[in-house]
4 protein chains.
Amino acid sequence: MEKDSKGQIVEVALQLFGDHGMKDVSFNQVIKASGLSKGAVYHHFASKQELIKACVIAFWEKMTIEVINAPIEEMPLKDVLSFLQLKSSEIIQEGEQKNDSIFELYISMLFYVRKEPELIPIPKKYFGAFKDKLINCIKNDQKRGTIKKDISAETTALLILSAAEGHGLYTISCVLDDPQEELKNLLNQIYNSITI
Amino acid sequence: MEKDSKGQIVEVALQLFGDHGMKDVSFNQVIKASGLSKGAVYHHFASKQELIKACVIAFWEKMTIEVINAPIEEMPLKDVLSFLQLKSSEIIQEGEQKNDSIFELYISMLFYVRKEPELIPIPKKYFGAFKDKLINCIKNDQKRGTIKKDISAETTALLILSAAEGHGLYTISCVLDDPQEELKNLLNQIYNSITI
Amino acid sequence: MEKDSKGQIVEVALQLFGDHGMKDVSFNQVIKASGLSKGAVYHHFASKQELIKACVIAFWEKMTIEVINAPIEEMPLKDVLSFLQLKSSEIIQEGEQKNDSIFELYISMLFYVRKEPELIPIPKKYFGAFKDKLINCIKNDQKRGTIKKDISAETTALLILSAAEGHGLYTISCVLDDPQEELKNLLNQIYNSITI
Amino acid sequence: MEKDSKGQIVEVALQLFGDHGMKDVSFNQVIKASGLSKGAVYHHFASKQELIKACVIAFWEKMTIEVINAPIEEMPLKDVLSFLQLKSSEIIQEGEQKNDSIFELYISMLFYVRKEPELIPIPKKYFGAFKDKLINCIKNDQKRGTIKKDISAETTALLILSAAEGHGLYTISCVLDDPQEELKNLLNQIYNSITI
DNA sequence: GATGAATGAGTGTTCATTCAT
DNA sequence: TATGAATGAACACTCATTCAT
């Protein structure tokens with residue numbers, strides 16, 4: 001019997017932000033889409049800024065939970081990289097249909113945080129969780145003897161994440177000819193360079 | 001003795017876009033900053049869209065020229081990577097002072113192109129030139145015998161660019177603890193994995 | 001052990017009105033400042049109008065009590081005029097620090113009453129009390145033989161009050177060069193013209 | 001063939017301010033009443049503040065011109081006082097019909113200036129012109145031998161103005177029983193006290 | 001070719017007030 | 001009696017754009 005208008009507004013706003021980009025969605029549009037009145041929305045969020053802040057927080061919390069729940073934990077790195085490729089291709093395909101891909105929203109969310117320094121810990125937590133999972137897999141593989149012992153798990157994890165991130169950006173901007181193939185090559189080269 | 005008002009307007013607009021972000025600069029602001037009258041600016045650009053398009057084109061042309069002129073051609077890859085690190089730290093430092101870094105503008109420019117498909121070749125040319133230069137360096141090093149011959153120059157170049165790009169994004173979003181150190185580690189790991 | 005929320009709300013509202021002007025204080029601000037909930041305040045005052053009306057009444061009652069308690073009764077007129085000067089300079093000094101002086105609120109209260117005719121008796125009572133006190137002093141002085149007997153105490157009292165009031169308005173509006181000196185001259189000229 | 005939208009807007013705004021009070025007239029109302037579009041009005045006045053400022057200036061300039069043109073110059077003081085009474089009763093009668101009298105606007109204009117110190121010279125000029133005219137009349141009467149020579153023309157002028165001003169305020173606020181009669185008494189008492 | 005007055009839909013925000021709980 | 005979620009008209013202001021001169 002809960003109403004939780006506040007949560008619903010954030011939900012609706014995130015949807016709109018994902019569809020048209022954060023900068024291109026007006027508060028009025030959010031209000032209209034929420035089905036509530038102007039005053040009601042302002043009752044929950046004193047300004048557009050505050051709504052956006054709530055959305056940014058909700059976005060990163062979702063992302064963090066997604067990472068935490070990702071079934072990566074005990075996988076060998078090989079499978080994790082395949083998992084990353086799969087996810088990436090899903091995002092790419094989704095992005096081709098919509099005007100603004102989830103990736104664009106993701107970047108807006110990063111940039112927004114940059115201007116509200118007190119929010120920095122939030123995406124940092126997401127990023128840290130992601131990196132830690134990768135590091136864990138690499139160390140497990142090192143124990144298993146499939147990955148060289150003198151490789152820094154930390155740096156390797158960051159390399160994988162950065163390469164995937166950069167590749168994502170290049171994909172979005174349409175400068176790559178065959179994004180999926182090229183991502184596979186990228187991750188393969190990294191993987192091959194650290195396996196025994 | 002041409003006035004080239006058109007070019008001047010683009011120049012002024014790019015300056016404003018760099019300072020406040022493309023979405024946060026109105027046509028009126030550009031007009032005011034240009035010192036020309038409303039009618040005059042509209043005489044050169046029939047709409048804001050057209051001005052933006054001209055700016056996007058000018059931006060990528062500048063970037064491409066910069067890459068083409070970069071003194072990378074005959075360097076060993078080692079030095080090229082140092083050069084990349086230097087550039088990166090320059091951008092980071094600049095970005096710390098301004099609200100919107102050049103990096104943010106760069107990403108806006110990528111995203112804009114995405115929605116105006118006929119412009120795609122323009123950043124693609126920039127990216128291609130960058131990648132070709134790297135490939136060239138790698139191949140030279142392979143000839144010199146400092147880099148393994150069985151490594152794909154193409155994939156390695158893309159790996160370097162992607163990793164740097166992704167690292168830039170992570171830096172901008174303040175999730176890294178020591179961006180410069182981490183970039184060094186990243187590039188070192190790549191370099192070590194391909195040297196003999 | 002009564003809470004007298006009603007009185008407290010009026011108190012808070014008067015404070016705000018004095019600080020920012022009656023027109024520039026919203027009902028919401030009063031509610032917030034009162035520390036009560038929206039519903040609670042509306043329970044006491046069915047509308048903003050009613051709250052204002054209560055404030056106007058409270059304001060004039062305070063003013064009336066102040067006049068009634070003023071230690072003027074048995075003073076010679078000479079001292080009363082000095083007393084007026086003192087009060088005036090106090091108000092001026094206070095008004096120089098705040099944005100809205102008590103004088104501005106006083107005038108708003110007068111103007112408000114004008115539009116709610118049933119309230120007219122309230123400031124009239126204040127004004128009457130003030131005038132009566134002055135008349136009394138003048139008549140006493142006439143008995144004492146210090147003031148001419150053929151002078152109308154009524155008109156003289158009104159003259160003093162009007163001159164002081166007008167002078168206050170000129171002071172507030174910054175058109176006088178040396179308000180305090182000029183008030184002294186004003187009252188002296190009146191006083192000299194009626195003394196024997 | 002001049003359009004002078006700017007002047008027309010000020011005219012319309014002053015009309016509305018006079019009718020409903022400065023604080024109770026919204027920019028939208030001015031825009032609607034002006035017959036122009038929102039953008040057009042904002043083209044001339046960058047903000048409501050600027051429009052108000054222009055109105056304040058225009059108001060005081062009108063008032064100053066009115067004083068300068070008043071046929072007071074060579075009159076004996078007696079007639080000038082009658083003239084003042086006449087003017088006052090005109091204002092009172094007008095004020096009884098409208099919600100907000102010209103007197104209320106006049107006071108708002110004084111108060112506004114108080115918060116924009118660079119405007120202070122403007123009503124000061126009006127006030128100075130008024131006082132100078134009175135002083136002149138008094139000095140002429142002193143030459144003619146109808147007014148005592150040992151009276152300060154300066155103080156007397158200020159006394160007349162203050163008393164009239166204060167009386168106006170009392171009239172507006174409905175605390176007087178017979179404003180016109182009382183003003184006559186007031187001015188008579190002043191006049192009688194300075195005549196030989 | 002160049003000017004700037006004019007347009008009107010749109011923005012984010014505030015307001016006094018109502019009403020289900 | 002008391003709460004605070006909800007309402008919607010109004011507010012000041014910005015925007016990209018048009019067009020008569």
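Please read all numbers here as calculations on a predicted model, not as lab measurements. Residue numbers begin at 1 in each chain, while the letters A, B, ... track the order of the sequences.
For the pair C:Gly39 and B:Gln49, both in contact range of DNA chain F, the more 5′-proximal nearest nucleotide belongs to C:Gly39.
Base pairing of E:dA20 is made with F:dT3, judged by Watson-Crick or G-U wobble geometry with both donor-acceptor distances under 3.5 Å. Across the strands present, E:dC15 finds its partner in F:dG8; the criterion is a Watson-Crick or G-U wobble pair with both atom distances under 3.5 angstrom.
At whole-Å resolution of the value, NZ in A:Lys32 and P in E:dA9 are 13 Å apart. Rounded to an integer number of Å, the gap from C:Phe27 CZ to E:dT18 C1' is 13 Å. To the nearest angstrom, C1' of F:dC11 lies 13 Å from CG of D:Asp24.
In terms of phosphate contacts, A:Asn28 brings a side-chain nitrogen or oxygen within less than 4.0 Å of OP1 or OP2 of E:dT11. Remark: D:Ser47 is not in phosphate contact with F:dA12, judged by side-chain N or O atoms under 4.0 Å from OP1 or OP2. Listed pair D:Ser26 / F:dA10 fails the phosphate criterion, with no side-chain N or O lying under 4.0 Å from OP1 or OP2. Side-chain N/O atoms of D:Tyr42 include none lying less than 4.0 angstrom from OP1 or OP2 on F:dA12. Between D:Ser5 and E:dA6 there is a side-chain polar atom (N or O) within less than 4.0 angstrom of OP1 or OP2. Phosphate proximity of E:dA6 to D:His44: present, with a side-chain N or O under 4.0 Å from OP1 or OP2. Taking side-chain N and O atoms only, A:Ser37 has no distance below 4.0 Å to OP1 or OP2 of F:dG8.
For B:Lys38 against F:dT17, a side-chain-to-base donor-acceptor contact under 3.5 Å is present.
Taking every side-chain heavy atom of A:Ala40 into account, F:dA6 is the closest of E:dT3, F:dA2, F:dA6.
B:Glu104 and A:Lys115 are joined by a salt bridge, as a carboxylate oxygen and a charged side-chain nitrogen come within less than 4.0 angstrom of each other.
In this pair, D:Tyr106 and D:Phe59 present their aromatic rings tilted. The plane angle is within the 30 to 60° band.
Looking at D:Arg114 and D:Ile120, their side chains never come closer than 4.5 Å, going by heavy atoms from C-beta outward.
Of the options B:Val25, B:Val41, B:Leu36, a side chain to side chain contact (heavy atoms under 4.5 Å, CB included) to B:Val30 is made by B:Val25 and by none of the others.
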